Amino acid sequence: MSLIRKRNFTEDDEGSSKRQSAKYETMAKFYNTNPDQQHLILPRKPEGILIGRSSSCDIKITGVDVSSKHSKLSLANNKVRDYFFLTDLSSNGTFVNGAKLGHGSSVLLKSGDKVSFAKTGGVFIFRYLLDEVNEENKKRSLFDDYIVGKQLGSGHYAIVKEAKNRLTGDIVAVKIFHPNKTSKDSQEDEAKLQQEIDLLLSIDHPNIVKFINRYVEPINQHSVSTYLIMEKVNSGELFERIINKSKLREDETKALFKQLLSGLFYLHQKNIIHRDIKPENILLDITPRQSGQQQQTGPWDENEYDIKVKIADFGLAKFIGELQFTNTLCGTPAYVAPEILSNQINYTTKADLWSAGVLLYVCLCGFPPFSDELAPPNMREQILTAKYAFYSPYWDDITDAALDLISSLLVLSPEERYDVTTAADHEWFRESVSQEDMVMDSLDSTSSKNSLQRSSSMGSVQREPLRNNSHPLSFRHKFASELNSLSYQ
Ligand code: ADP
């Protein structure tokens with residue numbers, strides 16, 4: 001059992017506490033998990049705080065296996081805020097969250113970390129004191145506000161975990177970007193970035209993943225990690241739905257695409273270009289149907305009451321840097337607009353409409369319009385020349401209106417390409433694909449011929465036979481190996 005003698009920094013040592021606080025401001029506390037033992041006050045002492053059995057230590061703790069100088073807390077600072085490093089100087093170990101640090105090793109302490117000194121030196125919860133921090137230290141730490149939980153997924157730039165708000169109990173998703181060097185940006189650049197981030201934080205639309213907060217946490221003196229707190233979306237990605245179903249029904253696609261356009265309209269009104277619209281970035285919130293009698297909100301599957309589309313990952317370039325973002329984007333360009341691929345700098349919101357066109361194509365037939373499987377020419381050339389086709393038989397049963405909308409989106413010249421308003425106003429959204437039509441079509445042996453000729457105000461769109469040597473590769477086929485690990489069922 002540890003015994004903490006009244007030393008300079010224990011809480012009930014009034015006289016010395018006053019002396020110390022007069023000299024150093026309190027920066028953090030070790031809260032003793034044993035209610036009969038004292039908490040420890042950790043002052044902002046520039047030379048650091050020694051903890052151990054020796055009376056020369058700033059904080060004296062006893063215990064049979066505690067070393068005379070057991071651990072040291074060192075004050076450090078990077079651009080984000082001041083923080084403590086804990087260094088293990090002991091023979092029997094300093095433990096942080098159950099893991100032994102190892103003699104001579106250090107770790108940055110986060111609020112909520114559980115620290116123990118050997119077996120008998122006591123167990124403490126570490127916490128920075130936010131109310132007492134000075135002006136420069138106002139920024140709160142993520143770990144003060146959230147308990148970070150299980151991993152939800154990982155992507156190019158980040159991993160995504162679940163987290164629980166300590167105060168409200170709300171469950172959110174937290175995107176943890178790979179560590180970055182501490183920025184050397186000027187104050188002006190930082191203010192501009194903050195302004196852009198504030199704009200992203202102000203976004204509030206039912207079809208866009210809500211962005212709740214941003215934290216920048218120090219990893220060490222040279223690097224930081226950015227954490228984005230977002231609304232948690234529970235039913236996986238559109239990408240997984242396409243793989244699971246091979247392709248989506250036209251009525252279902254229409255209902256989902258309408259919501260996508262609604263979210264894009266909101267972003268574009270605020271002059272935000274997403275730049276990375278693809279099925280992996282379209283998340284779905286599915287409410288299950290309680291019973292067969294419950295009226296569904298749209299043309300969903302039998303067991304689904306409602307589906308909300310949530311556009312994710314907008315504004316990413318702000319967090320990972322323009323260069324890295326553009327490089328990754330153009331590395332796998334299946335959805336990327338030709339003007340971005342050819343490095344034109346003055347691209348506009350129309351770039352998202354191109355990507356939306358690719359996405360619509362993929363939803364309806366299950367494979368992408370541009371791919372190396374359809375070479376020659378290679379995918380890049382196909383995009384740069386807007387070379388794609390609606391292959392028969394895959395497109396035979398899809399309405400002309402759908403093909404016409406895609407053809408109005410996959411247009412090389414951004415000026416001639418539909419914008420979000422004209423897309424949302426397209427005839428496809430006005431005509432409903434009646435169940436009756438579809439049943440009739442499937443019963444009719446000449447259905448593909450019929451649908452080729454289905455009347456439409458925009459005239460019939462050509463379906464092309466596939467060339468003998470080219471084969472579109474369906475998502476389901478291409479990503480079959482990932483099927484088992486997907487969360488959407
Ligand atoms: P990256 O942008 O680095 O590629 P992603 O944003 O694609 O990373 O996220 C990786 C994974 O985390 C994806 O599988 C995605 O489904 C999941 N994910 C991302 N955002 C959320 C969220 N808000 N709610 C639930 N899951 C999410």
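Remember, it's 1-based here, ligands and their atoms both numbered in the order they're listed. This is a predicted model, so every value here is computed, not measured.
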**Student:** Under 4.0 Å, heavy atoms only, figure out whether ligand 1 is touched by the backbone of E231, its side chain, both or neither.
**Tutor:**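 Near ligand 1, E231 shows its backbone, while the atoms from C-beta on stay back.
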
**Student:** What I want to know is whether N281 and ligand 1 share at least one N or O pair that is separated by under 3.5 angstrom.
**Tutor:**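 Not met; the criterion fails.
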
**Student:** Below 4.0 angstrom, N of the basic side chain to O of the carboxylate: do D301 and R249 qualify?
**Tutor:** yes

**Student:** If we only consider heavy atoms of K175, is any one of them less than 4.0 Å away from an atom in ligand 1?
**Tutor:**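 Flag set, K175 near ligand 1.
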
**Student:** Check each atom of ligand 1 against the heavy atoms of A173 and keep those under 4.0 Å away; list them by number with element.
**Tutor:** 22 (C), 23 (N), 24 (N)

**Student:** Determine whether any heavy atom of A312 lies closer than 4.0 Å to an atom of ligand 1.
**Tutor:** no

**Student:** Provide the full list of side-chain hydrogen bond (donor to acceptor under 3.5 Å, both in side chains) pairs with a residue in residues 414-424, sequence neighbours left out, each pair given once.
**Tutor:** E339-R417, S413-E415, D419-T422

**Student:** Is the shortest side-chain N to carboxylate O distance from K100 to D88 below 4.0 Å?
**Tutor:** no

**Student:** Should the pair E162-K232 be classified as a salt bridge under the 4.0 Å nitrogen-to-oxygen rule?
**Tutor:**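 The answer is yes: the pair qualifies as a salt bridge.
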
**Student:** Pick one: which of T226, D145, D144 meets side-chain contact (heavy atoms from CB on, under 4.5 Å) with Y215?
**Tutor:** D145

**Student:** Which of these, K161, M230, K210, has its nearest heavy atom closest to atom 20 (N) of ligand 1?
**Tutor:** M230

**Student:** Indicate yes or no: does E231 engage K310 in a salt bridge with an N to O separation below 4.0 Å.
**Tutor:**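 K310 and E231: salt-bridged.
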
**Student:** Polar-atom distance check: S154 versus ligand 1, any N or O pair below 3.5 Å?
**Tutor:**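 Looking only at distances, the answer is no, because the N/O contact criterion of under 3.5 Å is not met.
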
**Student:** Applying a heavy-atom cut-off of 4.0 Å, say which part of L283 lies close to ligand 1: side chain, backbone, both or neither.
**Tutor:**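 It is the side chain that gets close, since no backbone atom is under 4.0 Å.
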
